[in-house]
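Numbers here simply count residues along the sequence, with the first being 1. In what follows, every heavy atom counts, from backbone to side chain, and hydrogens, waters and symmetry copies are set aside.
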Amino acid sequence: MREVTSLAAAARVRAGKGTARKTRLDGRVPGVIYGDKKTPELISVESRELMKELHKGSFFSRLFDLDLGGRSERVLARDVQLDPVSDRPIHVDFQRVGKDSRIRVFVPVVFTDHEASPGLKLGGVLNVVRHEVEFYVNPELIPENISLSLAGMEITHSIHISAFNLPDSLKPVIQDRDFTVATIAPPSKAEEEKPKAEAAAAAAPAAGGKAAPAAAAGGKAAPAAAAAKPAGKK
């Protein structure tokens, strides 16, 4: 089970642009909690604390306990609106999650043992098609990530979701096919030509070296041009 992060929040009495603007001027981000068959609730969270959590990564797959003046709400972040100029959060949505509920959530994909892949050693490239995979899962059982070893994988190897050893608690949202998560692609033409170019450069004569004199017909070197004779006296 993933670690649950505590985040302080405060109730908001009214909605509206004016109230939201004042909330932001006070250094807080307006938001809402919804779901679990309960009435949506207006809240706000401290801007710096929200920014800190956003920068930690995996923000939308981490569980939070919102502390509302002594009352706690277990939630998942579902949406964050950012200011188009400053890129700072201006609104955040949280979804309540019950212990017995099943939700849809994206889980990061991690690959290990890159150095043990023959395909990567030969210049192949790991092409990750899905950096995250969406699953149905109980919120209490959301994993940090799903991982797979690349040991023994050759160039053109295709990695499908069936290759991952998933716990029973995780069910992919896509059920109608064994979808591709990553491939080991052949090296690009530029990468293939690089060793050839390096070999050609090594075989070339050093810069500034003198070229061997060309042989004259008959195998003898051509003699140097004779000096011009002085003009005769009249």
Which pair of non-hydrogen atoms, one from I159 and one from A163, has the smallest distance, and what is that distance? CG2-CB, 4.3 Å
Intermediate values then yes/no, side chain to side chain contact (heavy atoms under 4.5 Å, CB included), L66 and I33: CA-CA 10 Å; L66 292 184; I33 308 173; 3.6 Å; yes
Using the rule given for salt bridge (Lys or Arg N to Asp or Glu O under 4.0 Å), can you reason through E134 versus R104, listing the C-alpha separation, both sets of side-chain angles and the distance that settles it, and then say yes or no? CA-CA 7 Å; E134 191 175 21; R104 291 171 63 152; 3.1 Å; yes
Charged N to carboxylate O under 4.0 angstrom, E53 versus R62? yes
Let me check something: do I90 and F59 share a hydrophobic cluster, defined by ILVMFWY side-chain heavy atoms less than 4.5 Å apart, either directly or through other members? no
Should the pair R71-E73 be classified as a salt bridge under the 4.0 Å nitrogen-to-oxygen rule? yes
Pairwise distance CZ(F106) to NE2(H131) - rounded to 0.5 angstrom: 13.0 Å
May I ask whether V110 and L120 are part of the same hydrophobic cluster, defined by side-chain heavy atoms of I, L, V, M, F, W, Y residues being less than 4.5 angstrom apart, directly or through others? no
If every non-hydrogen atom of L166 is compared with every non-hydrogen atom of P172, which pair is closest and at what distance? CD1-CG, 4.3 Å
Between R96 and E41, is the salt bridge (Lys or Arg N to Asp or Glu O under 4.0 Å) condition met? List the steps. CA-CA 10 Å; R96 298 185 187 95; E41 187 173 358; 3.6 Å; yes
How about NZ on K17, more than 12 heavy atoms from neighbouring residues, nucleotides or ligands closer than 6.0 Å, or not? no
What do you reckon, is CG of D176 surrounded by more than 12 foreign heavy atoms closer than 6.0 Å? yes
Should the heavy atoms of other residues, nucleotides or ligands under 6.0 Å from CG of D26 be counted, would the total exceed 12? yes
Could you walk me through whether Y34 and R78 pass the side chain to side chain contact (heavy atoms under 4.5 Å, CB included) test, one step at a time? CA-CA 10 Å; Y34 64 88; R78 284 309 197 187; 3.4 Å; yes
Salt bridge check, E140 against R74: does any charged N sit closer than 4.0 Å to a carboxylate O? yes
Under the side chain to side chain contact (heavy atoms under 4.5 Å, CB included) rule, what do D65 and S72 come out as? Steps first, then yes or no, please. CA-CA 6 Å; D65 275 342; S72 182; 3.7 Å; yes
